[in-house]
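This is a predicted model, so every value here is computed, not measured.
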Amino acid sequence: MSDEFRIDSHKLIFHPRRVAEWLAGDQIYPLYAEISPSGACNHRCTFCALDYMEYKPRFLDTAVLKDRLTEMGRLGLKSVMYGGEGEPFLHKDIGEIIVHTKRSGIDVGITTNGVLLTEKLSTRILGSTAWIKVSLNAGCAETYAKVHRTKPDDFDRVFENLKMALKIKQESGAGCTIGVQTLLLPENAQEVEQLAEKAKETGLRYVVVKPYSQHHKSRTQTYRDVDYAQFHHLRDKLARFQSKDFSVIFREQTMKKMKRTMRGYERCLALPFWSYIDSGGNVWGCSAYLGDDRFRYGNIHEQTFEQIWTGPLRKANLSMVAEQLDPEACRMNCRMDEINLYLWELTHPKDHVNFI
């Protein structure tokens, strides 16, 4: 198995200067932001963590977002992942936004269900995008329709879109990495090999197999108690698809952590390094607390990002998190979990660390 993109780990180790500034107590701006251009979604996946956001048909103002992206790039933001509580390709100006993001010096990643990844859109964005990861949670159309709660035809449409995108990538010389990820569920576990085979045959770069993590605010509770120990054997079965051109990233480490009794850190330290902007323009400290005003820093329609990031609401949130928030009450295996483990060890070293 190979995880060259460190999907089951973290990449903060590649930004020692920003970490050193944070350790020194300096004001730093985030390295990474998740932005939700659209609150609407064309699927209703059974596992959707943000179902409580209700898929509202709201969309970020293009002009305002572009202004903020220019500013954020100047402040030191390195990357944006477009995804969030809705399907990003539902935003009518998503192509324009992606191209502008890259021109602002910010790397672009996209998480999408892939249904709207048309030839026209692929042609426009592939040269400005570092990676596209398609959420594809089954190996056949019938199961796909049940899990994504959509029509079966979408399954074949997604693969046709991916084939077209790969063709455009090859012809244009774009460096965009294109892969799929699947959330391992009881309904699709028996089809993971089928999905890996189809993804490899299509010419994709990888398939990610990851566990479900219960969001505390999610309305769906169906998968709260899934025991991933029963699925570890799939790692060996999937290994046969591994090659120099195709990776199977089976997130076994994350699956094993689902059963841990302690997180390994007493406070969340990761918030200064990332942020989340929802489809209404609200800037949040943590996506696990969307809707909790303690974590709302401001709104990009009302203030500049610099004003929001250095403002009183964020300062109050960081104080609360440092003094009161118990990570044991947070979502298990959140996106910043590995970064928190790293930062906690860095700031709470054990004995003998000088013996390198």
Side-chain angles (χ1 to χ4, degrees), residues 34-45 48 50 55-63 65-66 69 79-104 106-141 143-145 147-182 195 198-208 279:
E34 294 182 14
I35 298 180
S36 180
S38 165
C41 191
N42 51 340
H43 286 181
R44 292 292 184 272
C45 299
C48 183
L50 298 181
Y55 314 105
K56 296 175 182 177
R58 60 181 186 176
F59 302 89
L60 283 172
D61 181 274
T62 303
L65 179 57
K66 288 171 66 176
L69 287 166
S79 64
V80 163
M81 189 273 280
Y82 288 111
E85 70 259 30
E87 166 53 48
F89 290 157
L90 281 172
H91 194 294
K92 65 180 178 63
D93 297 323
I94 191 61
E96 177 184 347
I97 290 168
I98 288 169
V99 171
H100 181 84
T101 305
K102 184 60 179 176
R103 286 176 179 168
S104 299
I106 302 169
D107 291 341
V108 178
I110 305 165
T111 299
T112 172
N113 59 42
V115 174
L116 302 176
L117 184 61
T118 62
E119 180 178 3
K120 180 180 179 180
L121 183 59
S122 289
T123 300
R124 185 167 194 186
I125 70 173
L126 288 184
S128 299
T129 306
W131 55 264
I132 296 174
K133 191 183 298 175
V134 172
S135 179
L136 217 165
N137 300 281
C140 72
T143 305
Y144 176 89
V147 174
H148 284 250
R149 289 196 286 205
T150 187
K151 53 186 180 298
D153 290 350
D154 277 357
F155 181 78
D156 291 330
R157 180 177 291 107
V158 169
F159 273 103
E160 288 304 313
N161 289 346
L162 288 169
K163 289 175 184 176
M164 178 59 68
L166 289 167
K167 183 174 182 289
I168 293 169
K169 166 184 158 70
Q170 183 178 24
E171 292 175 349
S172 66
C176 182
T177 300
I178 305 175
V180 297
Q181 71 175 9
T182 190
L195 175 62
K198 192 171 181 64
K200 185 175 183 178
E201 289 176 350
T202 301
L204 297 171
R205 185 64 187 83
Y206 60 73
V207 60
V208 179
S279 57

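Residues T62 and D93 have side chains that bring a donor and an acceptor to within less than 3.5 angstrom of each other. Judged purely by distance below 3.5 Å, without hydrogens or angles, the side chains of H148 and N113 never pair a donor atom with an acceptor atom.
Contacts classified as ring-ring contact (aromatic ring centres under 6.0 Å, His included) and involving residues 153-178 (residues at least two apart or in different chains) are given here: Y144-F155, F155-F159. The list of salt bridge (Lys or Arg N to Asp or Glu O under 4.0 Å) pairs with a residue in residues 34-45, not counting sequence neighbours, reads E34-R335.
Counting only distance, with no hydrogens or angles, the side chain of H91 and the backbone of L60 share a donor-acceptor pair below 3.5 Å. Counting only distance, with no hydrogens or angles, the side chain of T112 and the backbone of G114 share a donor-acceptor pair below 3.5 Å. At distances below 3.5 Å, not a single donor-acceptor pair connects side-chain atoms of K102 with backbone N or O atoms of V108.
Residues forming a ring-ring contact (aromatic ring centres under 6.0 Å, His included) with Y55 (at least two apart in sequence, or on another chain): none. Under the side chain to side chain donor-acceptor pair (under 3.5 Å) criterion, R124 pairs with no residue, sequence neighbours left out. Taking K200 as the reference, nothing meets the salt bridge (Lys or Arg N to Asp or Glu O under 4.0 Å) condition, with sequence neighbours excluded.
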Where do V207 and L195 land on the side chain to side chain contact (heavy atoms under 4.5 Å, CB included) test, with the steps shown first?
-> CA-CA 8 Å; V207 60; L195 175 62; 4.3 Å; yes

Would L65 and I35 satisfy side chain to side chain contact (heavy atoms under 4.5 Å, CB included), going step by step from the backbone distance to the final call?
-> CA-CA 10 Å; L65 179 57; I35 298 180; 4.3 Å; yes

Could you walk me through whether L204 and L166 pass side chain to side chain contact (heavy atoms under 4.5 Å, CB included), step by step?
-> CA-CA 8 Å; L204 297 171; L166 289 167; 3.9 Å; yes

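Side-chain atoms of L162 and V134, non-hydrogen and from C-beta on, do get closer than 4.5 Å to each other. Residues R205 and K133 fail the side-chain proximity criterion, which asks for heavy atoms closer than 4.5 Å. The shortest distance between side-chain heavy atoms of V115 and H43 falls below 4.5 Å. Residues L136 and T182 are not in side-chain contact: their nearest non-hydrogen atoms beyond the backbone lie 4.5 Å or more apart. Counting heavy atoms from C-beta outward, R157 and D154 have side chains that approach closer than 4.5 Å. A 4.5 Å side-chain heavy-atom check between S36 and S279 finds at least one atom pair inside the cut-off. Between S135 and N137 the shortest side-chain heavy-atom distance falls below 4.5 Å. Taking the side chain as every heavy atom from C-beta outward, P88 and I110 approach each other to under 4.5 Å.
The two residues L117 and A165 come nearest to each other via the heavy atoms CD2-CB, 4.1 Å.
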For residues 94-101, which side-chain donor-acceptor pairs fall under 3.5 Å, sequence neighbours excluded?
{"from": "E96", "atom 1": "OE2", "to": "K66", "atom 2": "NZ", "distance (Å)": "2.8"}
{"from": "H100", "atom 1": "NE2", "to": "K66", "atom 2": "O", "distance (Å)": "2.9"}
{"from": "H100", "atom 1": "NE2", "to": "T70", "atom 2": "OG1", "distance (Å)": "2.8"}
{"from": "H100", "atom 1": "NE2", "to": "S104", "atom 2": "OG", "distance (Å)": "3.4"}
{"from": "T101", "atom 1": "OG1", "to": "Y82", "atom 2": "OH", "distance (Å)": "2.6"}
{"from": "T101", "atom 1": "OG1", "to": "I97", "atom 2": "O", "distance (Å)": "2.7"}

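With values rounded to the nearest 0.5 angstrom, N161 atom CG is found 11.5 Å from T202 atom OG1. Rounding to the nearest 0.5 Å gives a distance of 11.0 Å between CG of D107 and OG of S128. Here Y206 contributes atom OH and I178 contributes atom CD1; the two are 9.5 Å apart, rounded to the nearest 0.5 Å. Within the model, atoms CG of L126 and OG of S172 stand 6.0 Å from one another, a figure rounded to the nearest 0.5 Å. Here the CZ-SG distance, from R149 to C41, works out to 11.0 Å after rounding to the nearest 0.5 Å. Between atom CG of residue L121 and atom CD1 of residue I132 there is a gap of 7.5 Å, rounded to the nearest 0.5 Å.
Salt-bridge annotation for K163 and E119: absent, with no side-chain N of the basic residue lying under 4.0 Å from a carboxylate O of the acidic one. Using a cut-off of 4.0 Å between Lys/Arg side-chain N and Asp/Glu carboxylate O, E201 and K198 are scored as not salt-bridged.
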